[in-house]
Amino acid sequence: AFLKLGAKAGTCPPIAASTIDEHTGSTDAELAMQCLEFQAMLTQTPHMLPHVLPVDASAEDVDVDVNLSFLDAYVSEALHSGRAQPYQKPEDDDDDDDDAADGEEGCASC
């Protein structure tokens, strides 16, 4: 919460800075890393805070490319150079449907 409030204000209030400083030595590695990264942003690139930690990021639309077309050139080049093989869809073996097809319910004691 301190990080987003600091990003919104463009500065870090003293009480927040004190709390962040305190947690840079935390035994929780993730918490310590987040505090160290925030300190670095505050001191080295404070103008980037609103971009890195936008206040209303949860309301932003995310464009999803379900076909992963941004990988087309990479895949084509890998196929052409021999570093990759064309995708072959696995055959459907229907192993999980065998019991139902035989009329069994899958329970030996039923």
Side-chain angles (χ1 to χ4, degrees):
F2 282 135
L3 306 180
K4 287 199 174 190
L5 290 172
K8 182 178 180 180
T11 185
C12 191
I15 187 71
S18 173
T19 303
I20 291 167
D21 289 342
E22 179 183 325
H23 287 91
T24 58
S26 173
T27 56
D28 181 337
E30 185 175 347
L31 176 61
M33 180 59 82
Q34 286 178 351
C35 290
L36 289 167
E37 289 172 350
F38 186 66
Q39 282 179 333
M41 280 190 290
L42 274 175
T43 57
Q44 298 169 16
T45 56
H47 62 282
M48 293 299 296
L49 286 173
H51 303 287
V52 176
L53 298 167
V55 176
D56 60 349
S58 63
E60 292 180 7
D61 288 335
V62 177
D63 293 328
V64 177
D65 182 354
V66 295
N67 296 317
L68 303 177
S69 59
F70 61 92
L71 293 173
D72 287 349
Y74 176 79
V75 171
S76 294
E77 195 274 319
L79 289 169
H80 181 71
S81 68
R83 293 188 327 242
Q85 298 294 318
Y87 177 73
Q88 295 178 358
K89 187 175 180 179
E91 293 182 25
D92 189 25
D93 57 12
D94 290 334
D95 283 346
D96 56 344
D97 296 334
D98 288 343
D99 292 338
D102 294 337
E104 297 176 16
E105 297 297 320
C107 179
S109 63
C110 296

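By convention here, the first residue in the shown sequence is residue 1.
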### Q85 to L79 - nearest heavy-atom pair and separation
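Answer, listing the atom of Q85 first, then L79: C-CD2, 3.4 Å.
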### Query
If you take all heavy atoms of A32 and S26, which pair is closest and at what distance?
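Looking at all heavy atoms of both residues, the closest pair is CB-O, 3.9 Å.
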Quick one: side chain to side chain contact (heavy atoms under 4.5 Å, CB included) partners of [X], sequence neighbours excluded?
X   : value
V66 : V64
M48 : T45, H51, V52
S76 : none
S18 : none

### Task
Answer with yes or no whether the hydrophobic clustering places Y87 together with V75; edges join I, L, V, M, F, W, Y residues whose side-chain heavy atoms lie under 4.5 Å apart.
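Unlinked, Y87 and V75 end up in two clusters.
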In Å and rounded to the nearest 0.5 Å, what is the [atom1] to [atom2] distance from [X] to [Y]?
X   : Y   : atom1 : atom2 : value
Q44 : Q39 : CD    : CD    : 10.5 Å
E30 : Q34 : CD    : CD    : 5.0 Å
F38 : I20 : CZ    : CD1   : 4.5 Å

### Task
Kindly write out the residues that satisfy side chain to side chain donor-acceptor pair (under 3.5 Å) with D28, not counting sequence neighbours, or none if the list is empty.
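For D28, no residue satisfies side chain to side chain donor-acceptor pair (under 3.5 Å) once neighbours in sequence are set aside.
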### Query
With sequence neighbours excluded, what pairs up with E77 under the salt bridge (charged side-chain N to carboxylate O under 4.0 Å, His left out) test?
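Here the qualifying residues are R83.
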